[in-house]
Every structure is written in structure tokens, then in C-alpha cells.
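Before any comments, here is the structure.
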There are 2 protein chains.
Amino acid sequence: MATDRTHRPATSTRSRGIPEATVARLPVYLRALTALSERSVPTVSSEELASAAGVNSAKLRKDFSYLGSYGTRGVGYDVEYLVYQISRELGLTQDWPVVIVGIGNLGAALANYGGFASRGFRVAALIDADPAMAGRPVAGIPVQHTDALEKIISDNGVSIGVIATPAGSAQQVCDRLVQAGVTSILNFAPTVLSVPEGVDVRKVDLSIELQILAFHEQRKAGEDILPEGVIPDDETEPPVAPPADTVTKRPDPGSDGDRPAVMPA
Amino acid sequence: MATDRTHRPATSTRSRGIPEATVARLPVYLRALTALSERSVPTVSSEELASAAGVNSAKLRKDFSYLGSYGTRGVGYDVEYLVYQISRELGLTQDWPVVIVGIGNLGAALANYGGFASRGFRVAALIDADPAMAGRPVAGIPVQHTDALEKIISDNGVSIGVIATPAGSAQQVCDRLVQAGVTSILNFAPTVLSVPEGVDVRKVDLSIELQILAFHEQRKAGEDILPEGVIPDDETEPPVAPPADTVTKRPDPGSDGDRPAVMPA
DNA sequence: GCCTGTGAATCGCTTCACAGCA
DNA sequence: TGCTGTGAAGCGATTCACAGGC
């Protein structure tokens, strides 16, 4: 999902190539390990840790094998040691100043989110385009106006930016962030951002997640009615009129006409 | 990534099996199409739409081919028609009542998020464990106490629940939601939820996303300094004791220059 | 000629199954 | 004996490249 942008075939970093899928799971393992650490559990087996992280043990062992041989056969993994190794691999042994742009409901929630500071992330600044917000403290940090964006970025050496603005301003904010030196962006605005080569973008879209759930939910409902049968298979004929010849056509809700087809943004 | 839970071998739905990866992209296509629709663009080619959605055209065509042959060779896709087909496929032509549990900063932001209502989602209720919140309106909806959770779910026929509580209460809330009939959960709490077979869980974790970005960011920094070279020897001893008494295995010590912000050198 | 739809090749991740070692 | 580490098989997703139809 992330880092979609203009593909990255296998850009540099041939050495020590950790699969992207593995990288995405490291934070999950780290969280589970941290919990064990707090309970002073000294070692853990791949089976136990995998269970706590919600994956299967073979996958977990394979993942760890990319980092090195950090376990002990017949015993398991040393919790503290693994916490350190994963933290280091993820780059969490250093401090990452981040800026949050767009202090609306979501931006404010992000600013208040404890999960940032607890890892290596420090909210260096909150930025908003609304002059009325300027100076107002959110989560103990005064909101600054967008005008100062470039200065804030460079003064604080910020390389990670969080965009929580409305979709309309996201690309513009993104451009300014990148121009100012930000090379990683976490985007909450419902828009596809285009960025130059070398800049990473990850997207979090609340409504997309719900839509994916709805897809599966709908299917479940269908199964209740058709325990396994499934419609005779309509692969060939779409339930609704095919793309009417040429220009004129209309989405005729032939099937489960529930309500008008088109839905607003 | 989503629907992690206890594996799903290839659950029913043999026919019309749309790949999970494709399902995850449909909402993105839908958004791009909706934008085109608002600009009254009648048709679009796979190339144009792919560009707007941030994917390549071959992937987009392949994705659409799973839905059916909705395009016209030599022309492209009819925007309105495709909007309808994708909406229907995702189950957005019906109304999905959802409940949000945990009305803190994030929960409130979610309640105010316009992206829900605009699709087929309707916030049926806001639920919080804090009695002081009860009755207080958030986003125009009165918050109700957790005690009423079961009744709310069944009265409204809710099948999708959003958890925005602290990690500590997430599993408990999840259990109650499932018990009450919810079969899809969007989890914002930083915890792995365990649910029975048949229940879908998708997770959104803000700090995990940042950690993934940090990983790549760290790597970029390393490349700047070490264009490809790797410091051969680096007897860096981790601050934490290596795997107990055992040998000092550790494969390839910090092969990439590590930025020791917390670590000795 | 142009653009969709799709078999075939490819790539990457997951899972298996067992060798290797404490 | 118990559990890690890993080659190899398996599987799904992506990409290629071109046939098919407007």
C-alpha cells in the first residue's frame, strides 16, 4: 500500500534488503515485546510471540531471520535484546521530529495521541492555515501559521510530516513540505499525493477501511441467504446493463436496487 | 494486512472471487471516479484513471476485469457507470449503520469526519464508558453510556463497529460488540484483537505507520553518508546484553551506519 | 489506430518441513 | 528434546505483451 508513488524497482539498498512486508510487521512485534518486557518476561518462543502479535510462528521466524540470528535454539528469543535490535532496525533509537499540518479534529487528535512520543517521535510543531488558530495551544503546543512552514521544517530538521488537512489543500501542503526538505509523509487527507522520487508517502484513509469492511460484510449477508450455492455465476452477463453503446448510458439498478446509485464525495 | 485474525484459508465465495488486493483498491478508484463525475467527465481511459488513482494502468485494467467487462475498447470506461458498479460491488448502495466506541480525541474526530456519511455509512451511535460524557453531544450525536451497548447494536441492526478506546479496554469492548452481533470491526486501539471465526477486523495504527516511515527515512540518511559502502568492522556492543550467556552471534553488526542517538559507539 | 481484456511470465510473500544446534 | 533458522515449495499479486474489438 504505502510508498505507492512512481515505483521503486529496488532502489539502491540492495544490501540488507528487508522485505517491505516484514518491515510493516516489525512495529507489531515491537509492541508485543515491549509488553512482555514490562512484565519482566525474560525470553519468549516464536510461537508465543507470534500468537501475541497475531501472526503465525513460521512467518515471525522468517521475519527475524532477515534481521539476523537473534534467537537461541531450544530456548527462544531474549526479550530485551530483541526489543533493542528491532528498535534499532526501525530507526527508533533516534529522535524523529515531526510536524502535523492541519489542526482540525483529526490533527488535534493526532497531536494528543500518546503513541507518538512513546516511540521516537516528537511533535516539533503544529501548523494550520487558519490565522485564528495561531498561538492557540493544542496538546500543549502552540499552533503556528502555515506561513512559517518552511522555517519550522528547516529550524527543526524535520524530515517527517503528517498531513491532516482537507483534501483540497493536501497536495499544496505536500509540495511545500517536500520543497522544505521533508522526505516522508503520512497522509490522512483523502487524496492521492504526487511526490518526487525519493519521497515516501503512506496513506491512512478512514473511509477506505470502512469500505473494505463493507465489502466483506455484504458478502457475509449474501452467504446467509445462499449458504454456498452462490448465484449461477454471472461472469458473463453483468447484472446491470453493460456499458451502453457509446456515450449515453445510465446505471440502471437492476439488481438489489437499494437506493440511487451515485453517491457524493 | 487486514483481516488478520485466525487465518482464512479461502473461505467460501469460490465464485466471483475478487482478490483482496483488488478490493482494497476499489475505494481509491471510486474516489477518483467520483471526482471525475463531479466535473462531468463522461469517459476515462485506464491510463488516465490509473494516474489519478496512483497505480499503473495494467493493474487497474486487471482489477476491473474481475468485476466484469465494463469498458469499451478504443474508448475507455464510462465514468457514471463505473461509479455505480464499484459502489454496488463494495456494498455502498446500501446504508451501513456504525457505532463508534470510545469518544476521546480520536473518537470525536471520527464522529466529525465527513467521509463516513458521504459514503454509505451512518453513525448510529457514539458510546463511551465515562458517565460524564453521557448525553453530551458530539458532532450532533449524543454520547451514550457503554451499558447500553448491546441494546444499541441490536436496535439499530449495527454490524460494523469502530473501536477508538484506549488499548486496555479494546478487547473487552470488542468482545461485547461481537457478542451483540457486530461482525466487522475497525480498530484504532494499539492492540491485537482476537475475534471468533467470521468476524473481520481491520486495524489502523498511527504509530505503526510512522515507524515504517522512520525505517525508510533512516535508510535514506544512511545512504547519504554511505553511498553503498558498509562499514566492515563495527564491534558496536548493543546497550542491552546480548542473548544471555550464549555466544555473541549477531550476524552482521550495524552494516549500515547507525545514527547512535541513544547508543554507544 | 486506439484502448480494453487477459493469458503467461514474473515477482514477492507465505508456508512447509526439516536440518542444525543448544 | 525443543525451538530456531532456512531452503524449497506454494500461492497470490503484479507486470508484460498482445489478441480482440471499437
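All values derive from a computational prediction rather than experimental measurement. Each chain gets a letter, A, B and so on, in the order the sequences are listed, and its residues count up from 1.
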Round to a whole Å and report the spacing from [atom1] of [X] to [atom2] of [N].
X	N	atom1	atom2	answer
A:Asp63	C:dC16	CG	P	15 Å
B:Lys62	C:dA8	NZ	C1'	9 Å
A:Tyr70	D:dC3	OH	P	23 Å
A:Glu48	D:dC3	CD	C1'	11 Å
B:Glu47	C:dG5	CD	C1'	15 Å
B:Leu60	C:dT4	CG	P	9 Å
B:Glu20	D:dA13	CD	C1'	12 Å

For [N], does OP1 or OP2 lie under 4.0 Å from any side-chain N or O of [X]?
X	N	value
B:Tyr66	D:dG12	no
B:Ser46	C:dT4	yes
A:Lys59	C:dT15	yes
A:Arg61	C:dG20	no
B:Asn56	D:dT15	yes

Subject >> Pair A:Ser207-A:Gln211, side-chain donor/acceptor within less than 3.5 Å >> reply: yes
**OP:** Check whether the side chains of B:Ser184 and B:Asp200 place a donor and an acceptor atom closer than 3.5 Å, and report yes or no.
**Re:** no
**OP:** Identify which nucleotide among D:dG21, D:dT6, C:dA19 has an atom closest to any side-chain atom of B:Arg73, counting heavy atoms from C-beta outward.
**Re:** D:dG21
**OP:** Could you please name the option among D:dT14, C:dT4, C:dT14 that lies closest to any side-chain atom of B:Ala21?
**Re:** D:dT14
Original post:
Is A:Phe64 touching bases, backbone alone, or none of the nucleic acid, heavy atoms closer than 4.0 Å?
Top reply: nothing
Subject >> Nearest-nucleotide 5' precedence on DNA chain C, A:Thr22 against B:Gly74 >> reply: B:Gly74
Subject >> 5' precedence on DNA chain D between A:Ala58 and A:Val75 (nearest-nucleotide basis) >> reply: A:Val75
Original post:
Minimum heavy-atom separation for A:Trp96 to B:Glu217, with atom names?
Top reply: CZ3-CG, 3.4 Å
Subject >> Member of B:Val182, B:Leu177, B:Leu186 meeting the side chain to side chain contact (heavy atoms under 4.5 Å, CB included) criterion with B:Ile163 >> reply: B:Leu177
Subject >> Value rounded to 0.5 Å, distance of CG in B:Leu206 from CZ in B:Phe188 >> reply: 7.5 Å
